[in-house]
Amino acid sequence: MKLELRNVGAGYGSRTVLRDLSLELPEGQITTLIGANGSGKSTLLKAAARLLKPRTGGAYLDGRELRRWNTRQLARVLAVLPQLHRAPEEITVGELVAYGRFPHRGLLKGDSVRDREAVDEVLQLTRLEPLRRRAVATLSGGERQRVWIAMTLAQEPRVLFLDEPTTFLDVCCQFEVIELIERWNRTRGVTVLMVLHDLNLAARCSHCLVAMKDGEIRYRGTPRELLTPELLREIFELEAEIAVGSDGIPYCIPTGSCRREAERSGR
């Protein structure tokens, strides 16, 4: 499905974060928003996912403005995993994943055969089947994150939004989560928009990077096009070297802060 933002302005209270911002997501690809803290990445994602009402402009899915979609109808095609989420302590892995089927159930009806198949499928895909009856509260951080992602995948969305899905996870868990997202994109053709802070993870998994600063989209392109010393200096105030792995993917090697250099020059 085609999702685009048209001339979106958004913010919180009296503070404006985004001004006249437009973005079209490539269908069936992974697009990742990168930028320093406060650049507007999460605000953009919230506006695109109908979690934050734009002050101007709007988000459109297949040409239809999101605010005109019925909530249940929209949840059948679009899933969102926010940065922070909580579940009742006693809920099990299987029960939480099954919540993802709610948009597909008829009113006052129980699980259908398809609902049970979908839950079983994502539990296998995310390697959570052995933990199906475990309370989510007893799991490690990486396991819990996989459960939440499994719940969004159980929705069988065609568009998936993820706000910093690897935050607070160790390096191995970060790769597991990213590989899971990549696999779902590759096998189902799901359009993905996510926010990541780790530039090397973003380069590894993304078809397209969108670099933001001061609430604006400054650059958009492939990891090879965007991961350059010049761009990192402008967007992140970071001095870095770029290396290319055997897989052809560029990797960022930070070497220092431009802010310190500016302070020294000022003195």
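Side-chain atoms of D111 and V119, non-hydrogen and from C-beta on, never get closer than 4.5 Å to each other. Residues L238 and C252 are in side-chain contact: their nearest non-hydrogen atoms beyond the backbone lie under 4.5 Å apart. Side-chain contact between Q174 and N200 is absent, with no heavy-atom pair separated by less than 4.5 Å. The shortest side-chain heavy-atom distance between R6 and E65 does not fall under the 4.5 Å cut-off. Side-chain contact between T126 and V97 is absent, with no heavy-atom pair separated by less than 4.5 Å. Residues L125 and T187 are not in side-chain contact: their nearest non-hydrogen atoms beyond the backbone lie 4.5 Å or more apart. Within the 4.5 Å cutoff, the side chain of N37 has heavy atoms near those of the H197 side chain. Proximity of R114 to R101: side-chain heavy atoms (C-beta onward) are separated by under 4.5 Å at one or more points.
Connection of L160 to L123 is established within a shared hydrophobic cluster, with ILVMFWY side chains joined at heavy-atom distances below 4.5 Å, either directly or through further cluster members. L226 is not connected to L196 by any chain of hydrophobic side-chain contacts under 4.5 Å among Ile, Leu, Val, Met, Phe, Trp and Tyr, and they are in different clusters. Linking Ile, Leu, Val, Met, Phe, Trp and Tyr residues whenever their side-chain heavy atoms come within less than 4.5 Å leaves L209 and I253 in two separate clusters. Placement of M1 and Y60 in two distinct hydrophobic clusters is found when ILVMFWY residues are connected by side-chain heavy-atom separations under 4.5 Å, directly or transitively. At a threshold of 4.5 Å between side-chain heavy atoms, the hydrophobic network of Ile, Leu, Val, Met, Phe, Trp and Tyr places V8 and F161 in one connected group.
Closest of all the heavy-atom pairs between E90 and A135 is O-CB, 4.5 Å. Contact detail for K41 and L33: the closest heavy-atom pair is O-CD1, 3.5 Å. For the residue pair E95 and T92, the shortest heavy atom distance occurs at OE1-N, 3.0 Å. Scanning all heavy atoms of the two residues, the minimum distance from D170 to C173 falls at OD1-N, 2.8 Å. The minimum heavy-atom distance linking V195 with P165 is given by the pair O-CD, 3.5 Å. The two residues L227 and I242 have their closest heavy-atom pair at O-CG1, 3.6 Å.
The structure places CZ of F175 at 10.0 Å from OG1 of T166, a figure rounded to the nearest 0.5 Å. Between the CD1 atom of I178 and the OG1 atom of T32 there is a distance of 7.0 Å, given to the nearest 0.5 Å. Annotation: the span from I149 atom CD1 to L162 atom CG amounts to 6.0 Å, rounded to 0.5 Å. Rounded to the nearest 0.5 Å, atoms NZ (K2) and CG (L25) are 10.5 Å apart. In this structure, the separation between CZ on R134 and CD on E143 is 6.0 Å, given to the nearest 0.5 Å. Between atom CD1 of residue I181 and atom CD of residue E179 there is a gap of 10.5 Å, rounded to the nearest 0.5 Å.
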Please lay out, stage by stage, how L18 and M212 fare under the test side chain to side chain contact (heavy atoms under 4.5 Å, CB included). CA-CA 10 Å; L18 308 178; M212 297 189 66; 4.0 Å; yes
May I have the step-by-step check of side chain to side chain contact (heavy atoms under 4.5 Å, CB included) for I235 and Y219, ending in yes or no? CA-CA 9 Å; I235 299 297; Y219 301 99; 4.1 Å; yes
Steps toward side chain to side chain contact (heavy atoms under 4.5 Å, CB included) verdict (E27, R158): CA-CA 9 Å; E27 293 185 65; R158 296 175 63 185; 5.9 Å; no
Yes or no on side chain to side chain contact (heavy atoms under 4.5 Å, CB included) for V77 and W69, after CA distance, side-chain angles and deciding distance? CA-CA 11 Å; V77 295; W69 284 70; 4.1 Å; yes
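Between the side chain of Q155 and the main chain of P103, no donor-acceptor pair closer than 3.5 Å is present. At distances below 3.5 Å, not a single donor-acceptor pair connects side-chain atoms of R132 with backbone N or O atoms of G94. Within the 3.5 Å criterion, the main-chain N or O of L139 finds a donor-acceptor partner in the side chain of R144. Under the 3.5 Å distance criterion, the side-chain polar atoms of W184 are left unmatched by any main-chain donor or acceptor of V190. Checking side-chain atoms of R72 against main-chain N and O of F102 turns up a donor-acceptor pair under 3.5 Å. Under the 3.5 Å distance criterion, the side-chain polar atoms of D163 are left unmatched by any main-chain donor or acceptor of M194. Panel note: side chain N7, backbone D20; no donor-acceptor pair is recorded below 3.5 Å. Of the possible donor and acceptor atoms, none in the side chain of T191 sits under 3.5 Å from a partner among the backbone N and O of V159. Using a distance-only test at 3.5 Å, with no hydrogens or angles considered, no donor-acceptor pair links the side chain of E24 to the main chain of E4. Of the possible polar contacts, none joining the T152 side chain to the A79 backbone as a donor-acceptor pair under 3.5 Å is found.
In this structure, R55 places its CZ atom where more than 12 heavy-atom neighbours from other residues, nucleotides or ligands lie under 6.0 Å away. Within 6.0 Å of atom CD in E230, more than 12 heavy atoms from other residues, nucleotides or ligands are found, so the atom counts as buried in its surroundings. The environment of R64 atom CZ is dense: over 12 non-hydrogen atoms of other residues, nucleotides or ligands sit within 6.0 angstrom.
Only one option out of L96, L153, V177 pairs with W148 in a side-chain contact (heavy atoms from CB on, under 4.5 Å); it is L96.
Remark: the T31 side chain and the R220 side chain contain no N/O donor-acceptor pair separated by less than 3.5 Å.
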